[in-house]
Amino acid sequence: MEFGRIFIVFFLFSSLFTSPAFAGDDAKVSLALYYESLCPYSAKFIVNHLAKIFNDGIIDIVDLDLIPYGNARVKSNGTITCQHGPNECLLNTIEACAISALPELTEHFKFIYCVENLVLKHKYRDWESCFQETGLNSEAVFDCYHNGNGKKLELKYAAQTDALQPPHKYVPWVVVNGQPLYEDYEDFEVYICDAYKGDSPPRTCASLTVLTTKEKEASRVHHVSLIDEAL
């Protein structure tokens, strides 16, 4: 967990000195991530790509919305089935509860980052250790899960995901200002910088480049989890 500790310490340190209003709210770019907790590509995107925006200044010009539901399905009896099984349904709901119970973005993202880092290490069953790792209070999250609010949140996320236009085809499904990036999702920062119309964009924007078509084809083959029609 050494990398996780380094990230969390740096995350906490940097958040103390990051301006909360780098861009006016009306100038911020909408960034939405539709994902599922045990999808390895979703986990990789969160840990290796999305986390960077908290340190490179991009976070100051976006409104980030995390939707942990992905390719799950709601059956006619109201139960939810998940692409990677019951453990994914559990963690989707736990992460939904973290977003609700810990509404400060920096707090619930730290927790989700920790869980998804464990997913990449094939240690997701140790997810409860992320409360100790991040120093966040687990009580409100567990209350949400056990009192039924977590299920309500997942049904809300199901409706939000199913209402996407165009419909999502896989996860991670990254949407910038209402437009899906499809398999260009790893270039999301480029799209954010291009969409930002406010004053003084983050310095990071000046150094970003889009991968060439050849590079994309080499690096993104099978880097998504397609919808499972059998669910």
Side-chain angles (χ1 to χ4, degrees), residues 1-8 11 31-55 64-73 80-99 108-131 133-134 141 150 153-154 157-158 160-162 164 167-176 180-191 211 215-231:
M1 298 294 291
E2 188 61 28
F3 178 81
R5 292 191 183 95
I6 292 172
F7 173 86
I8 291 163
F11 188 104
L31 171 63
L33 170 62
Y34 294 81
Y35 74 102
E36 54 195 21
S37 56
L38 292 186
C39 165
Y41 310 115
S42 293
K44 178 183 176 183
F45 177 72
I46 290 170
V47 173
N48 296 336
H49 298 279
L50 187 59
K52 293 178 181 179
I53 71 173
F54 290 88
N55 293 320
L64 175 60
D65 192 14
L66 301 170
I67 304 95
Y69 177 79
N71 296 332
R73 296 287 179 85
I80 298 174
T81 57
C82 297
Q83 187 168 38
H84 298 90
N87 285 323
E88 181 164 79
C89 283
L90 165 66
L91 287 180
N92 283 350
T93 307
I94 287 293
E95 293 188 9
C97 282
I99 293 168
H108 64 248
F109 187 82
K110 280 189 296 183
F111 178 78
I112 291 171
Y113 173 94
C114 180
V115 173
E116 296 305 315
N117 196 33
L118 290 176
V119 171
L120 288 182
K121 296 177 179 179
H122 307 288
K123 296 180 179 180
Y124 66 86
R125 289 183 176 84
D126 296 334
W127 64 268
E128 291 185 49
S129 68
C130 287
F131 290 112
E133 188 73 25
T134 61
V141 176
L153 290 170
E154 279 300 287
Y157 286 147
Q160 184 176 345
T161 302
D162 291 343
L164 281 168
H168 88 289
K169 299 180 179 181
Y170 42 74
V171 291
W173 189 256
V174 180
V175 180
V176 172
L181 303 189
Y182 298 98
E183 291 193 21
D184 282 346
Y185 67 86
E186 289 182 0
D187 282 334
F188 75 107
E189 288 187 306
V190 177
Y191 287 89
L211 291 176
E215 287 172 329
K216 289 175 185 177
E217 290 175 350
S219 66
R220 294 183 185 167
V221 176
H222 305 307
H223 277 204
V224 297
S225 287
L226 298 170
I227 294 174
D228 187 348
E229 299 295 341
L231 283 178

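On a predicted model such as this, the values are computed, not experimentally measured, just so you know. By convention here, the first residue in the shown sequence is residue 1.
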W173: which of Y182, Y34, Y69, Y35 passes ring-ring contact (aromatic ring centres under 6.0 Å, His included): Y182
Check whether any side-chain N or O of [X] sits under 3.5 Å from a backbone N or O of [Y] as a donor-acceptor pair, and report yes or no.
| X | Y | value |
| --- | --- | --- |
| E88 | L38 | yes |
| S42 | S37 | no |
| Q83 | L226 | yes |

Exercise: do N71 and H168 side chains pair donor with acceptor under 3.5 Å: yes
F109 and Y113 aromatic ring geometry - parallel, tilted or perpendicular at 30°/60° bounds: tilted
Test ring pair (Phe, Tyr, Trp, His ring centres under 6.0 Å) applied to Y170 and Y41, step by step: CA-CA 10 Å; Y170 42 74; Y41 310 115; over 10 Å; no
Rounded to the nearest 0.5 Å, how far does [atom2] of [Y] lie from [atom1] of [X]?
| X | Y | atom1 | atom2 | value |
| --- | --- | --- | --- | --- |
| R73 | D162 | CZ | CG | 8.0 Å |
| I112 | N117 | CD1 | CG | 13.5 Å |
| H108 | L66 | NE2 | CG | 5.0 Å |
| H84 | L91 | NE2 | CG | 12.0 Å |

F188 side chain near I53 side chain, heavy-atom distance below 4.5 Å: yes
Check against ring pair (Phe, Tyr, Trp, His ring centres under 6.0 Å), F131 and F111: CA-CA 7 Å; F131 290 112; F111 178 78; 4.6 Å; yes
Heavy-atom closest pair, residues I80 and C89: O-SG, 3.7 Å
Validation row, ring centre F45 to ring centre Y185 under 6.0 Å: yes
